[in-house]
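Values below: all heavy atoms of this structure, side chains included; hydrogens, waters and symmetry mates excluded. Position 1 is the first residue of the sequence; numbering continues from there.
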Amino acid sequence: LGMVLKIDQAELFGPVKKQLKLIAPLLAALVSAGMLLLYWLVAPLVRKLVTSEQKMSDVNARLRDVEERGRFALESAGAGVWDLNYPARQILLSKRCTEMLGFAEDEIGTSLDEWTQRIHPDDRSSLMAVRRALADGEIDTFSNEHRMRCKDGSWKWVHARGMVATRDTDSKPVRMIGTYLDISERKQAEETIQRQANFDPLTQLPNRRLFLDRLAQEIVKSQRANLPLALLLIDLDEFKEVNDTLGHDVGDVLLQEAARRIRSCVRDADTVARLGGDEFTVLLTELPDRTTHIEDIARRLALDNFVAF
């Protein structure tokens, strides 16, 4: 026996189709409403984000412009600009910084340790003390004068200024910026003024002013260490007759030779000074005894100056 089952599809799916026709528009309406709501909520945020990025871009552009203008102004004034990444110990130097020492831009690396090695050994300790104070948060700015080794091996005086631009959450410096200025000419002028104020231009010996200053210092040292010192006064007999008969040029040569001979008779620790005219003085310090050394010096001075000039 066999059976045939006949299904009427219209009768089976008709109710479902009717319900779908009713639900579909509702779903479409809900989706549309959701999209509108999402747009209404998100659109302002997107606009704010775009505006914020534009503002940030404008701010960065203005900062770069200000930085470039500042760098140009500093380098126009002869100052070089440096930028230090403290944790990485990398220093970026402007063209003026490298030119100051006679180098091309690509001849000096970014290592802070390499740059530090170019500082004169006598000046390095003071700069290291400044760096420690910056690292410990004791100061935020600094100013230091020191000598740097140039490409040709000579030394150049520079004035370094700097400040901590940013610190981390532990108050440790992250970025430092500053300038280098060549002050060699100023230092040379200061040295010239110092020498003119304290040394006799003819004999290059200490003058009266410097001699009195050294005498005061040596008296204090002598009393503290309980070591004797001695003072010898020397003048050249008939020096006026030399000037009157042979002229002042010959007299100047005589004074220079006398200064050289007196200086050759004493130790480096002793001081020979010209007080004025034909008067010289010798300051003997840290004497091993009170008589023997003084007599030896006096005898040597007498013998050397008896030899014809």
Side-chain angles (χ1 to χ4, degrees), residues 60 63-64 66-195 198 213 217 220-221 224-225:
N60 289 335
L63 286 175
R64 285 193 296 270
V66 170
E67 185 176 351
E68 289 301 321
R69 288 173 183 269
R71 186 186 297 271
F72 176 76
L74 288 170
E75 296 198 353
S76 296
V81 181
W82 54 268
D83 191 326
L84 174 63
N85 182 331
Y86 201 86
R89 300 187 67 80
Q90 289 186 331
I91 184 169
L92 300 179
L93 303 167
S94 70
K95 183 180 179 181
R96 175 57 186 149
C97 282
T98 56
E99 287 179 343
M100 201 179 296
L101 303 182
F103 291 94
E105 286 186 274
D106 58 352
E107 290 183 312
I108 294 183
T110 60
S111 170
L112 177 61
D113 294 333
E114 177 190 346
W115 184 252
T116 301
Q117 290 302 313
R118 299 188 183 279
I119 300 173
H120 195 284
D122 294 342
D123 303 332
R124 207 172 292 162
S125 59
S126 64
L127 192 58
M128 293 301 101
V130 169
R131 287 186 185 173
R132 285 192 296 270
L134 289 165
D136 294 340
E138 297 175 7
I139 56 175
D140 285 323
T141 62
F142 77 93
S143 175
N144 184 271
E145 295 181 358
H146 54 267
R147 286 160 290 182
M148 299 288 295
R149 188 176 67 251
C150 299
K151 184 178 181 179
D152 60 5
S154 62
W155 296 98
K156 178 169 288 188
W157 277 99
V158 298
H159 186 182
R161 290 188 178 93
M163 63 174 289
V164 177
T166 55
R167 292 183 181 272
D168 60 17
T169 55
D170 296 325
S171 297
K172 298 299 182 183
V174 175
R175 183 188 179 204
M176 295 175 60
I177 56 175
T179 60
Y180 276 112
L181 183 65
D182 183 356
I183 57 171
S184 297
E185 291 185 1
R186 194 197 82 193
K187 283 292 185 179
Q188 290 175 357
E190 290 175 354
E191 183 179 349
T192 299
I193 293 172
Q194 183 75 5
R195 187 160 192 85
N198 294 292
D213 181 67
Q217 294 180 29
V220 173
K221 288 171 59 178
R224 184 168 56 242

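When all heavy atoms of Pro87 and Pro173 are compared, the pair lying nearest together is CD-O, 3.9 Å. Of all heavy-atom pairs spanning Val130 and Asn144, the tightest one is CG2-ND2, 4.4 Å. Here the shortest heavy-atom pairing between Ala135 and Tyr86 reads CB-OH, 3.7 Å.
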side-chain contact (heavy atoms from CB on, under 4.5 Å) between Leu84 and Arg175, intermediate numbers included: CA-CA 6 Å; Leu84 174 63; Arg175 183 188 179 204; over 6 Å; no

The test is side-chain contact (heavy atoms from CB on, under 4.5 Å); show your working for Val81 and Arg96 and say whether it passes. CA-CA 7 Å; Val81 181; Arg96 175 57 186 149; over 6 Å; no

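One finds a salt bridge joining Glu190 and Arg186 here, because a Lys/Arg side-chain nitrogen approaches an Asp/Glu carboxylate oxygen to under 4.0 Å.
Put simply, the side chain of Arg124 gets close to the backbone of Ile119: a donor and an acceptor are under 3.5 Å apart. In terms of modelled atom types and a separation under 3.5 Å, the side chain of Asp170 and the main chain of Lys172 share no donor-acceptor contact. Side-chain N or O atoms of Asp123 include one that pairs as donor or acceptor with a backbone N or O of Arg147 at under 3.5 Å. No donor-acceptor pair under 3.5 Å is formed between the side chain of Asp136 and the backbone N or O of Glu138. Checked by atom type and distance alone, the side chain of Ser184 pairs as donor or acceptor with a backbone atom of Trp157 at under 3.5 Å.
For the atom pair NE2 (His120) and CG (Leu127), the distance works out to 14.0 Å, reported to the nearest 0.5 Å. Considering CG of Asp182 and SG of Cys97, their distance stands at 11.0 Å, rounded to 0.5 Å. Annotation: the span from Ile91 atom CD1 to Ile108 atom CD1 amounts to 10.0 Å, rounded to 0.5 Å. Rounding to the nearest 0.5 angstrom, the gap separating the CD atom in Gln194 from the NZ atom in Lys187 is 11.0 Å. Between Met176 atom CE and Asn85 atom CG the span is 11.5 Å, to the nearest 0.5 Å. Here the CD atom belonging to Gln90 is positioned 4.0 Å from the OG1 atom belonging to Thr110, to the nearest 0.5 angstrom.
Under the 4.5 Å side-chain criterion, counting only non-hydrogen atoms from C-beta, Arg149 is in contact with Trp155. Residues Arg131 and Leu112 meet the side-chain proximity criterion, which asks for heavy atoms closer than 4.5 Å. For the pair Leu93/Trp115, a side-chain contact is recorded, criterion being any heavy-atom separation below 4.5 Å from C-beta on. For the pair Val174 and Arg167, the minimum side-chain heavy-atom distance is 4.5 Å or more.
Ring geometry, Tyr180 versus Trp82: the interplanar angle falls from 30° to 60°, so the pair is classed tilted.
Side chains of Asp213 and Gln217: a donor on one and an acceptor on the other come within 3.5 Å. Ser111 and Asp113 form no side-chain donor-acceptor contact under 3.5 Å, judged by distance and modelled atom types alone.
Counting heavy atoms of neighbouring residues, nucleotides and ligands inside a 6.0 Å radius, atom CD of Glu185 does not exceed 12 of them.
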Just list the side-chain donor-acceptor pairs under 3.5 Å for residues 99-107, sequence neighbours left out, or say none.
residue : atom : partner : partner atom : Å
Glu107  : OE1  : Ala104  : N            : 2.7
Glu107  : OE1  : Lys151  : NZ           : 3.3
Glu107  : OE2  : Lys151  : NZ           : 3.0

